[in-house]
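Structure first, then comments.
Below, chain A is the first sequence line, B the second, and so on; all start at residue 1. What you see below is based on every heavy atom in this structure, not just the backbone, and it leaves out hydrogens, waters and symmetry mates.
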2 protein chains.
Amino acid sequence: MGGDRLYALLERLGNLLRTEERAAGLPHGLQPVHLQALRYLQSCNRYSNTPAALTEYLGLTKGTVSQTLLLLEEKGLLRKQADTEDRRVIHLLLTEAGRAVLKQALPPELFKRALAKLPGDGAALDESLTELLRALQAANAQRSFGPCGTCKHFQREGSGRFRCGLTQEPLSREDSQLLCREHEGISPGH
Amino acid sequence: MGGDRLYALLERLGNLLRTEERAAGLPHGLQPVHLQALRYLQSCNRYSNTPAALTEYLGLTKGTVSQTLLLLEEKGLLRKQADTEDRRVIHLLLTEAGRAVLKQALPPELFKRALAKLPGDGAALDESLTELLRALQAANAQRSFGPCGTCKHFQREGSGRFRCGLTQEPLSREDSQLLCREHEGISPGH
DNA sequence: TTGATTAGTATCGATTCGAAACTAAATGCG
DNA sequence: CGCATTTAGTTTCGAATCGATACTAATCAA
């Protein structure tokens with residue numbers, strides 16, 4: 001059946017990207033997981049920049065992620081900031097150095113070159129992958145980590161003013177584009 | 001730019017599949033790499049079932065792959081067979097047990113369920129991914145590991161009879177569908 | 001107040017992985 | 001032929017990921 005072929009394709013792509021990621025991180029002394037953590041933290045919103053959210057995103061255990069964060073902090077790529085409301089919670093903020101490393105390392109050179117050679121602008125690929133990801137997350141009961149503005153808790157309050165229905169906090173236009181761990185897609189039935 | 005988003009998608013998909021693969025291998029005491037090795041060996045041709053080819057396919061070092069193979073052999077999932085022509089070369093053959101494990105473990109359940117939910121039959125996805133993989137392999141100077149029958153060394157010799165232009169050996173119809181490490185795509189310019 | 005839950009950390013052992021040194025066979029060049 | 005070089009594969013070692021488990025501290029619920 002066709003599933004096998006699709007699976008082989010995805011696995012091979014995954015391996016190639018992982019190898020590239022390994023090479024891209026090497027000069028900075030970073031492993032693939034470290035780059036992935038940095039990339040997540042750069043693109044998530046203020047509810048989702050915590051060890052717990054990162055743990056869910058990466059699909060690892062919290063102990064493992066805690067180690068990863070220790071290393072990134074020692075290297076000065078991120079800093080920790082205690083939450084003012086819930087003192088158990090810690091927010092992870094990229095430093096300038098962290099952002100610089102990320103900008104230089106990801107996406108890897110090979111990937112950028114390949115993308116340039118791709119016939120079309122990759123829109124079809126984007127759409128197919130998004131669909132697959134959605135199906136995977138639906139099949140599992142997993143969080144979607146989608147952009148804030150596409151969530152069912154997202155509320156419009158007039159020109160350029162938004163609010164999160166879950167936390168009741170106001171949201172800026174930039175906020176609405178960041179990934180959120182509480183993200184729930186709008187179900188087609190409504 | 002759009003590359004970032006595409007990259008994030010692929011990385012996330014890769015992580016999900018890897019997590020699933022880890023879970024699928026757990027009951028057999030196998031890690032993701034082990035399943036990947038088995039899957040490759042099941043679908044490659046007789047020129048490509050060697051440690052060196054597997055090393056290239058996985059993008060690891062030969063020492064690492066050597067360890068992986070040791071474990072798989074100990075578990076009775078594959079056996080080694082010395083090449084009769086070149087006594088340095090070793091061929092890796094799946095045992096019945098190896099094939100059974102593979103059949104049971106891959107693709108992971110989650111993936112199959114997701115595929116079933118996918119609108120359409122995944123043909124668009126297949127095409128997009130194949131294109132991307134081709135672009136990646138062209139951008140790198142990497143081997144393509146494509147099916148024998150789509151290689152520029154592949155020769156037709158009449159009804160159902162084929163030959164490899166590189167080794168001059170005759171090929172069966174089944175041969176022509178297996179992955180080959182010497183595979184070179186037919187360049188569009190010819 | 002007491003018990004349960006949640007966020008995060010610390011420690012341990014198993015495993016992957018790369019680097020480098022090594023063996024053995026094949027190849028190439030004088 | 002003879003000797004250096006290359007290639008296939010193994011071995012050894014150390015660094016790093018990762019999961020499991022136990023732990024602290026804060027919050028929440030009854």
Are B/Val89 and B/Val65 in one and the same hydrophobic cluster, where Ile, Leu, Val, Met, Phe, Trp and Tyr link if side-chain heavy atoms are under 4.5 Å apart? no

Does either side chain, that of A/Thr130 or that of A/Asp126, offer a donor lying less than 3.5 Å from an acceptor on the other one? yes

Taking all atoms of both residues into account, what is the closest heavy-atom pair of B/Pro51 and B/Leu92, and its distance? N-CD1, 3.6 Å

Sequence neighbours left out, what pairs pass salt bridge (charged side-chain N to carboxylate O under 4.0 Å, His left out) with at least one residue falling in residues 76-85 of chain A? A/Glu73-A/Lys80

Within the side chain of A/Thr95, is there an N or O that forms a donor-acceptor pair under 3.5 Å with the backbone of A/Leu77? yes

Interatomic distance, A/Glu73 CD vs C/dT9 C1' [rounded to whole Å]: 12 Å

Would you mind reading off the distance between B/Leu30 atom CG and C/dA14 atom P, rounded to a whole angstrom? 18 Å

Pick from A/Val33, A/Thr64, A/Thr68: which one makes a side-chain contact (heavy atoms from CB on, under 4.5 Å) with A/Leu58? A/Val33

Only Watson-Crick and G-U wobble pairs, only distances under 3.5 Å, only runs of 3 or more: what stems does that leave for DNA chain D? C:1-30 with D:1-30

Do B/Glu21 and B/Gln31 meet the criterion of a side-chain donor-acceptor pair at a distance under 3.5 Å? no

Tell me whether B/Ser48 contacts the main-chain N or O of B/Ala53 through its side chain, where contact means a donor paired with an acceptor under 3.5 Å. no

What range of DNA chain D does chain A touch, first nucleotide to last, counting atoms under 4.0 Å from its heavy atoms? D/dA16 to D/dT27

Under the side-chain contact (heavy atoms from CB on, under 4.5 Å) test, which residues partner B/Arg87, sequence neighbours left out? none

With salt bridge (charged side-chain N to carboxylate O under 4.0 Å, His left out) as the rule and sequence neighbours excluded, what pairs involving residues 23-50 of chain B come up? A/Glu11-B/Arg39, B/Arg46-B/Glu169, B/Arg46-B/Asp175

Letter per nucleotide, 5' to 3', of nucleotides 16-28 of chain C [B base touched, S only sugar-phosphate touched, - untouched; heavy atoms, 4.0 Å]: SBB------BS--

